[in-house]
Amino acid sequence: MSRVEDPGYHLLSMGNQQMSDLQGKQPRLPVPRLEDTIRQYLKAERALLDDEAYRRTERICSSFEQGEGHLLQNELLAYDKGNQHTSYTTAFWLDRFLNCRASLLTSNYGMNMEMASGSQLVCATNLVVSIARFHRTLKAGLLTPADSGGLAHRDGTGFVSGSRPKSYLMCMSQLNHLFGTCRIPHESRDERQTILGTRHFVVLHKGYTYTCNLFDYLGYILPASTIMANLHHIMSDSRPPVQFPVASLTAERRDVWARLRKQLQAQGHGSALSLIESALFCLCLDEQDLKEDIKQNLFGSGGDRWFDKSVQFIVGKDGFSGIQMEHSWCDGMMAMYLINMITKDIQNRPAVTHENSVMYQEPSTGVQRLQFDLDGSLETAVVSAKYNLQTLAASTSICHIEFKHFGSNFLKGCGVSPDSIVQLALQLAFTRMYGHHAMTSEPCSTGTFLHGRTETIQPATIEALECCKVFCADSPRYGSQRTTLLRRLIEATSKQHKQLISEAAMGQGFEQHLFALYCLALRDNQQNLSDLPEFFLDPAYQLQYVEDIFSSHVPNIQAGLFLPIVPEGLISVYCIRDTSVSCYLCTLSTSRDLEAYSKTLEMSLKEIGDVLAGMHQKQIY
């Protein structure tokens with residue numbers, strides 16, 4: 001098979017700084033002092049607890065810090081000292097995902113990608129070629145590292161970005177599990193498997209599963225004409241859709257899917273499963289339109305997603321594209337990095353521009369359709385899995401708002417953090433809708449540290465809740481002082497939120513530290529929950545996992561979605577642009593009226609903006 005000789009065809013464009021120059025040399029995540037963690041934890045709990053509950057928690061914290069907590073802290077420090085090759089949270093974080101027995105739909109996340117429009121065949125071909133370029137550039141160590149977007153370490157440790165001096169370069173080790181990786185289901189704990197050296201990817205179309213070669217035996221990317229011919233061959237398959245698609249089983253609970261996978265292996269489908277699980281990635285050729293339909297991106301149609309794969313690229317019937325990530329290996333920063341690199345490459349160097357630009361009529365090569373002959377019990381399992389998946393999809397409500405009154409330019413001009421204002425508006429809207437303050441969580445990347453993942457912060461601070469209280473009170477209560485008071489509280493809320501983000505980004509948050517201590521306590525007590533220290537049994541500690549709102553700021557997205565982990569939870573994925581705020585809201589609860597909440601959210605943003613505009617005499621319209 002002929003290969004493309006042009007070196008530029010095989011690699012992404014490269015910057016001055018390269019992964020090979022720094023990978024593995026990042027500072028390790030520091031273990032916070034226990035007294036600092038307890039202080040931060042109590043400050044967060046003070047905003048959520050009444051006086052009696054807070055005094056009880058204060059007493060429990062004092063006892064924990066002097067007794068069992070002190071012993072666990074020493075145990076964690078010894079563990080950290082014995083694992084100099086990584087950071088102290090790495091193994092605990094991975095276990096947190098792999099031990100979960102729920103369907104992966106509760107942790108996977110999807111995003112739509114902003115790519116040039118075109119036919120499904122052209123868009124899929126360009127996507128596959130650019131993914132292949134990313135793969136080769138990654139293997140060569142030539143990728144330009146991502147940076148922290150302005151979140152710097154106070155002590156100045158880390159690698160400074162060449163393009164943004166106030167930013168630090170990210171640890172890129174998560175990308176080691178991008179290609180050839182699959183989450184293998186087991187009944188008690190899953191396994192993350194990465195197979196190196198594979199040359200093929202998997203295509204899902206109408207419930208069928210195909211394998212396609214991507215590289216030749218020398219490791220070069222196959223010509224775009226060959227890739228296009230292979231995809232055209234798959235898309236032209238005239239067989240009716242599969243009635244019992246095996247892929248739907250991957251949406252089941254992990255223990256259920258583990259047992260069904262054993263059945264498939266016992267019936268001679270082990271080699272087909274191995275080909276899927278070892279594939280570089282999964283390409284889903286969707287029979288539905290994908291434009292702005294983020295729900296279709298996440299759920300598919302019941303048999304055209306393999307949820308265990310580390311990454312799935314989805315191309316809709318209309319040519320619009322999306323991506324779905326399995327969360328155990330990758331966080332949002334790396335997902336955005338991958339999306340940005342691939343979309344930029346497609347925009348600047350598309351492999352094909354229209355269907356007639358290459359002879360895709362050439363014979364397809366290296367395409368294999370995998371055969372699954374299921375017995376009655378497995379067919380019944382497929383029907384059940386598809387029903388559960390479609391029921392979950394039907395119960396998922398999604399709402400999108402595009403707030404155009406102002407964006408980051410206006411907010412930065414007012415001297416406040418744009419992220420803090422959106423977080424405040426989310427809480428204010430919830431308080432107005434439901435009459436009580438929301439338990440909120442927001443992730444912050446710790447990726448500038450070796451093997452860093454994320455820290456969770458709680459934006460429901462004392463300052464934010466007091467601000468919501470004043471906004472919701474009758475105007476006469478505060479009289480002429482109301483606007484002045486709101487201005488002060490908004491500024492205080494922003495200042496506190498920026499402090500939380502800064503501490504979390506530097507590895508000085510409290511949630512991951514306490515979780516590591518919790519894991520050690522579980523291990524020491526042989527998983528017996530009743531023998532855990534009182535601190536971890538306190539309802540205040542459990543409260544942080546009862547999320548009314550889980551929100552994430554994802555820059556430069558067209559659309560994004562993941563599901564809440566608690567039935568009544570609200571998800572908010574938002575993008576703060578220069579002059580607007582785009583927000584996707586999601587819930588599984590019928591008691592949450594998303595349309596009403598979205599309108600209340602817009603009203604809340606508008607009111608906060610009005611206060612800031614009057615304060616700084618700025619025009620926002």
Side-chain angles (χ1 to χ4, degrees), residues 104-105 108-131 201-212 227-228 230-251 276 279-326 335 338-339 342-343 346 352 355 367 369-370 382 385-386 389-390 392-394 396 398 557-563 584:
L104 289 190
L105 283 166
N108 282 17
Y109 56 98
M111 301 179 189
N112 281 4
M113 301 167 65
E114 294 186 359
M115 288 171 42
S117 59
S119 72
Q120 187 177 30
L121 179 59
V122 168
C123 291
T125 302
N126 282 326
L127 184 58
V128 169
V129 171
S130 288
I131 295 166
F201 64 101
V202 162
V203 179
L204 295 179
H205 183 57
K206 296 195 299 185
Y208 294 99
T209 307
Y210 305 82
T211 63
C212 293
I227 293 171
M228 190 175 234
N230 291 343
L231 295 178
H232 181 260
H233 173 75
I234 292 170
M235 294 168 63
S236 301
D237 195 330
S238 60
R239 295 179 181 87
V242 177
Q243 186 176 2
F244 302 106
V246 171
S248 61
L249 299 176
T250 66
I276 297 170
L280 292 166
F281 59 89
C282 184
L283 175 67
C284 307
L285 298 174
D286 208 300
E287 285 292 285
Q288 305 295 322
D289 289 346
L290 200 64
K291 184 178 182 181
E292 298 180 359
D293 188 354
I294 192 64
K295 183 189 283 193
Q296 180 65 20
N297 184 336
L298 186 62
F299 293 104
S301 301
D304 50 5
R305 302 287 187 272
W306 197 276
F307 295 105
D308 290 2
K309 287 301 293 180
S310 57
V311 59
Q312 302 181 83
F313 297 93
I314 302 130
V315 182
K317 195 74 172 177
D318 52 3
F320 282 82
S321 301
I323 189 171
Q324 185 177 152
M325 316 289 281
E326 193 277 307
L338 173 64
I339 291 172
I342 289 173
T343 52
I346 293 172
V352 295
E355 292 188 12
V367 178
R369 182 169 60 85
L370 301 181
V382 166
K386 283 183 65 177
L389 175 62
Q390 290 165 351
L392 181 61
T396 302
I398 299 172
I557 63 164
Q558 184 179 13
L561 178 68
F562 51 95
L563 299 183
Y584 280 84

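Of the residues Leu121, Val129, Asn126, Val128, the one that meets the side chain to side chain contact (heavy atoms under 4.5 Å, CB included) test with Met228 is Leu121.
Within the model, atoms CD1 of Ile294 and CZ of Phe562 stand 11.0 Å from one another, a figure rounded to the nearest 0.5 Å. The distance from the CD1 atom of Ile346 to the OG atom of Ser321 is 7.0 Å, given to the nearest 0.5 Å. In this structure, CD on Glu287 lies 8.5 Å from CG on Asp304, to the nearest 0.5 angstrom. Once rounded to the nearest 0.5 Å, the distance linking NE2 of His205 with CG of Leu231 reads 10.5 Å. Note: Ile323 CD1 to Ile339 CD1 = 4.5 Å, rounded to the nearest 0.5 Å.
By the salt bridge (Lys or Arg N to Asp or Glu O under 4.0 Å) test, Lys295 pairs with no residue at all, sequence neighbours left out. Under the side-chain hydrogen bond (donor to acceptor under 3.5 Å, both in side chains) criterion, Tyr210 pairs with Asp237, sequence neighbours left out. With sequence neighbours left out, Ser248 forms a side-chain hydrogen bond (donor to acceptor under 3.5 Å, both in side chains) with no residue at all. Applying the side-chain hydrogen bond (donor to acceptor under 3.5 Å, both in side chains) test to Gln312 and every residue at least two apart in sequence or in another chain returns nothing. For the salt bridge (Lys or Arg N to Asp or Glu O under 4.0 Å) test, residues two or more places apart in sequence or in another chain that qualify with Asp308 are Arg254. Taking the ring pair (Phe, Tyr, Trp, His ring centres under 6.0 Å) definition, one finds that Phe313 meets it with Phe281, sequence neighbours left out.
Taking both residues in full, the closest heavy atoms of Lys309 and Glu326 are given as O-CB, 3.4 Å, listed atom of the first, atom of the second, then distance. Closest heavy-atom contact between Phe299 and Arg305: O-CG, 3.9 Å. When every heavy atom of Leu290 is checked against every heavy atom of Phe320, the shortest pair comes out as CD2-O, 3.4 Å. A pairwise comparison of heavy atoms in Asp318 and Lys291 identifies OD2-N, 3.1 Å as the closest pair. Shown here for Leu389 and Leu105, the closest heavy-atom pair between the two residues is CD1-CD1, 3.1 Å. Here the closest non-hydrogen pair linking Gly302 and Pro245 is O-CG, 4.2 Å.
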- [ ] Could you check Gln324 against Phe307 for side chain to side chain contact (heavy atoms under 4.5 Å, CB included), going step by step and ending with a plain yes or no?
- [x] CA-CA 8 Å; Gln324 185 177 152; Phe307 295 105; 3.1 Å; yes
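Gln296 and Ser301 share a donor-acceptor pair across their side chains, judged by distance under 3.5 Å alone.
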